Amino acid sequence: PSNVVPGGPASSPSFFNSMPTTWSGPSMSIDGQRYVIRLGPIDARTVLAELYRLDSNAHPTDLSGAGGGTVTAGQPIWGGGTSLVPNLTFGVFAEGSHDFTCALASGKPYPCTVATMPVTLDRRSYVAMAMTLPAGEDIKSFQGKVSWTDSAGTRHTSL
């Protein structure tokens with residue numbers, strides 16, 4: 001996709017308090033800003049996802065956006081809505097997820113910008129997605145839905 005930017009940061013155990021982690025390949029780009037999602041295991045079934053912004057030297061800044069859970073039954077892990085980036089949310093979806101769109105709860109299409117990147121953990125592949133609302137819109141007050149299609153062609157709606 002056009003929003004994938006090569007050059008995600010390398011894993012750094014000392015930077016992340018020795019917690020196993022992975023940065024997979026490219027970063028995501030939204031409105032000229034690059035982001036990556038870091039995955040780490042909480043336990044055998046639960047994954048922690050964290051959002052980082054990259055500066056021009058690919059140094060990460062923790063945006064304090066975290067979501068945890070399992071990516072099962074077509075449902076993603078959700079996170080975001082931090083004070084540092086109030087108009088951004090992110091999710092981690094099953095491999096093959098695509099065609100992300102935004103709509104108000106009423107179903108009316110809503111303007112948002114979406115970027116994706118591949119990410120892996122323990123040899124399992126996922127799709128990370130970041131979504132921003134227009135400037136000035138707080139994601140926490142967004143009463144809307146995010147839809148996507150999984151690898152089997154099933155359409156899902158969440159949020």
Side-chain angles (χ1 to χ4, degrees), residues 1-82 84-102 112-133 139 142 145-159:
S2 61
N3 56 13
V4 173
V5 179
S11 295
S12 175
S14 60
F15 185 79
F16 297 107
N17 302 318
S18 300
M19 179 178 160
T21 186
T22 183
W23 298 103
S24 288
S27 61
M28 298 177 284
S29 179
I30 297 178
D31 300 329
Q33 191 66 62
R34 295 187 319 157
Y35 299 93
V36 291
I37 302 237
R38 179 179 78 103
L39 298 181
I42 294 175
D43 58 38
R45 296 189 61 229
T46 309
V47 173
L48 173 69
E50 296 176 305
L51 179 69
Y52 291 81
R53 181 173 42 214
L54 300 178
D55 67 17
S56 60
N57 295 315
H59 294 113
T61 298
D62 184 348
L63 296 176
S64 301
T70 57
V71 180
T72 58
Q75 295 304 310
I77 296 169
W78 287 104
T82 74
L84 295 172
V85 190
N87 68 329
L88 186 138
T89 191
F90 67 91
V92 177
F93 298 77
E95 182 177 30
S97 297
H98 61 283
D99 191 24
F100 296 92
T101 59
C102 307
C112 65
T113 303
V114 175
T116 62
M117 67 180 275
V119 64
T120 60
L121 178 66
D122 296 334
R123 288 176 268 162
R124 284 177 280 181
S125 296
Y126 303 93
V127 174
M129 180 274 299
M131 174 186 84
T132 60
L133 297 179
I139 204 79
F142 172 60
K145 300 178 180 297
V146 175
S147 298
W148 69 97
T149 303
D150 65 23
S151 60
T154 303
R155 193 79 179 150
H156 300 271
T157 301
S158 188
L159 273 184

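The shown structure was predicted, so the numbers you read here are calculated from the model rather than taken from an experiment.
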NZ (Lys145) and OG (Ser158) are apart, to the nearest 0.5 Å, by 8.5 Å

Check your understanding: Any chance the rings of Phe90 and Tyr35 have centres within less than 6.0 Å?
Key -> no

Notebook entry, point to check: So do Leu48 and Leu39 actually touch side chain to side chain, heavy atoms under 4.5 Å?
Noted result: no

Closest non-hydrogen contact found for Ser29 with Ala115 is O-CB, 3.6 Å

- Are a donor atom and an acceptor atom from the side chains of Thr157 and Ser147 found within less than 3.5 Å of each other? yes

Heavy atoms of Gly40 and Leu121 approach each other most closely as C-CD2, 3.9 Å

Mark yes or no for whether Asp150, through its side chain, and Ser97, through its backbone, hold a donor-acceptor pair below 3.5 Å. no

Separation between SG (Cys112) and CE (Met131), nearest 0.5 Å, reads 5.5 Å

**OP:** Check for a donor-acceptor pair, side chain of Asp55 on one end and backbone N or O of Asn57 on the other, with a separation under 3.5 Å.
**Re:** yes

In short, Ala130 meets Ile30 closest at the heavy-atom pair O-CD1, 3.5 Å

Side-chain heavy atoms of Leu88 within contact of Leu51, under 4.5 Å: yes

- Main-chain N/O of Leu54 paired with Gln33 side-chain donor or acceptor, under 3.5 Å: yes

So the salt bridge (Lys or Arg N to Asp or Glu O under 4.0 Å) pairs with at least one residue in residues 112-121 (sequence neighbours excluded) are none

Side chain to side chain donor-acceptor pair (under 3.5 Å) filter on Thr113, not counting sequence neighbours, yields none

Is the shortest side-chain heavy-atom distance between Tyr52 and Thr61 below 4.5 Å? no

In terms of heavy-atom contacts, Gly96 and Val127 come closest through N-CG2, 3.8 Å

(message) For Trp148 and His156, take the angle between the two ring planes, folded into 0 to 90°, and tell me which bin it lands in: parallel under 30, tilted 30 to 60, perpendicular over 60.
(response) parallel

Q.
Between Val146 and Met129, is there a side-chain heavy-atom distance shorter than 4.5 Å?
A. yes

Separation between CG (Asn87) and CZ (Phe142), nearest 0.5 Å, reads 11.5 Å

Original post:
Would you say the side chain of Thr154 lies within less than 4.5 Å of the side chain of Thr149, judging by non-hydrogen atoms?
Top reply: no

Applying side chain to side chain donor-acceptor pair (under 3.5 Å) to Thr101 and not counting sequence neighbours gives Arg155

Is there a donor-acceptor contact under 3.5 Å linking the side chains of Trp78 and Thr89? no

For Leu63 and Leu84, the nearest pair of non-hydrogen atoms, with its separation, is CA-CD1, 3.9 Å

Q | Full working for side chain to side chain contact (heavy atoms under 4.5 Å, CB included) between Val36 and Arg53 | A | CA-CA 7 Å; Val36 291; Arg53 181 173 42 214; over 6 Å; no

One should read off an interatomic distance between Thr116 OG1 and Phe100 CZ, to the nearest 0.5 angstrom, of 6.5 Å

